[in-house]
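Okay, structure first, notes after.
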Protein chains: 2
Amino acid sequence: MTPSAQSAQPRRSDATRAAILRAARERFAADGYERATIRAIAADAQIDPSMVMRYYGSKEGLFAAAAEFDLRLPDLTSVPPARLGEVLVRHFLARWEGDETLVALLRAASTNPGAAERMRGIFADQLTAAVAAFGTDRALTARRAGLVASQVLGLAFTRYIVRLPPMVDTAPDELVAWIAPTLQRYLTGTPPS
Amino acid sequence: MTPSAQSAQPRRSDATRAAILRAARERFAADGYERATIRAIAADAQIDPSMVMRYYGSKEGLFAAAAEFDLRLPDLTSVPPARLGEVLVRHFLARWEGDETLVALLRAASTNPGAAERMRGIFADQLTAAVAAFGTDRALTARRAGLVASQVLGLAFTRYIVRLPPMVDTAPDELVAWIAPTLQRYLTGTPPS
DNA sequence: AACCGTTGCCAACATCTGTTGGCAAACATG
DNA sequence: CATGTTTGCCAACAGATGTTGGCAACGGTT
């Protein structure tokens, strides 16, 4: 993300690189992995398709770069325990509406094994880590995180991908009110026998 | 589905048609719409690619035929009201494990507009109809159905598509125990202000 | 000014895609 | 048997796709 992590001096082509990445995210989000063609991405970025190859190696490499994503989950230990669910849904909704990277990842994960692997990594690592902050049983923690992921990804899938009318039309606040108790129970509820 | 609805006599090519449809469902489920090529489907069915075109017109036509699906939702009015959630999750899980058509539809819906439209139709029509059986407020009914869809599709997405380990490893009965209360509340819970 | 790495474009490649038309064999019908 | 229809395969087309190599222009360094 930050342009000069290992390469000390910024290159002259950083603008081009960024334009490609932005166009790639848009196309991947709108069309999915296979329908988003390098030519179309290059056209959006107003450069030649061969530049995409030079800077990102391959289509897979481009996607890997475009799908870099940090959920930026808050520290759940500093959240009032009773409001965990609400904070989480609200955070996810905001994160989703503000950055199309997640939609790109979601669309691509359905058909591209690499994208699915990336998605697994994000939710297994970041979400599980956040949930683990207030639980000791590792298997139970993983299960709680998985359940939260199932509801949150289902929300995203129905709202941004399939676009089910009731899920698209409902205001974020009302969605939060409905879904928060679900996450709350997945996070803190007593596990079934 | 039934081979002789309008055409009185069964054709000699019915076996071929069925083989194509079966192979198509498998490929669409495994690879998604764009990666499932007509050539691969034809190879699986052990016939020539051109036969697919003759019998189903186009790739879209083939998908439309392969993605025909009935949720076979039970009549919710004859279910004990307190067990609505449990019955629903269990039904969906069984339906999903037993028929790969839904997985095909789910994968394809991410990238193919026609598949998304089909998915919208299935959940808007069949699920909303089932939910409408015990509610009068139409907007609220649609919202309840949408919420149920979000959790059920999220379950399917994480378990069958992304294959999040905790969602794959957890036994169906335990998933039911966790998720049933969620659907129960979406179906019968008091709506937020 | 001479030099060299960078940036960019053009043209082309090999391959794969959905799709089409024609032709031979199998079958059914008179 | 003769006729028409159905089933199947082969070969091919037109277009799109990821990817590559070469070549000109630019920019900084010595």
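For the numbers below, each heavy atom of this structure counts, side chains included, while hydrogens, waters and symmetry mates do not.
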Rounded to whole angstroms, how far apart are [atom1] on [X] and [atom2] on [N]?
X: R39(B); N: dA12(D); atom1: CZ; atom2: C1'; value: 10 Å
X: R27(B); N: dT17(C); atom1: CZ; atom2: C1'; value: 15 Å
X: Y56(B); N: dT20(C); atom1: OH; atom2: P; value: 17 Å
X: D48(A); N: dA25(D); atom1: CG; atom2: P; value: 16 Å
X: E34(B); N: dG15(D); atom1: CD; atom2: P; value: 21 Å
X: M51(A); N: dT20(D); atom1: CE; atom2: P; value: 14 Å
X: R11(B); N: dG8(D); atom1: CZ; atom2: P; value: 12 Å
X: M53(A); N: dT20(D); atom1: CE; atom2: C1'; value: 8 Å

Describe the nucleic acid contact of Y55(B) in one word from base, sugar-phosphate, nothing, applying a heavy-atom distance below 4.0 Å. sugar-phosphate
Would you mind classifying the nucleic acid contact of S50(A) as base, sugar-phosphate or nothing, using non-hydrogen atoms under 4.0 angstrom? base
Does any non-hydrogen side-chain atom of W178(B) lie less than 4.5 Å from one of R144(A)?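 They are in contact (side-chain heavy atoms under 4.5 Å apart), so the answer is yes.
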Classify the side chain of T37(B) versus the base of dC16(C) as yes if they form a donor-acceptor pair under 3.5 Å and no if they do not. no
May I ask you to say whether E97(B) pairs ionically with R159(B), meaning some side-chain N is under 4.0 Å from a carboxylate O? yes
Here's a test of your reading of the structure: between R54(B) and R12(B), which maps to the more 5' nucleotide of DNA chain C? R54(B)
Hey, is the main chain of L164(B) close enough, under 3.5 Å, to the side chain of R120(A) for a donor-acceptor pair?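 No, the answer is negative, given that no donor and acceptor are paired below the 3.5 Å cut-off.
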Please check: side-chain N/O of R35(B) versus main-chain N/O of N112(A), any donor-acceptor pairing under 3.5 Å?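 No, the answer is negative, given that no donor and acceptor are paired below the 3.5 Å cut-off.
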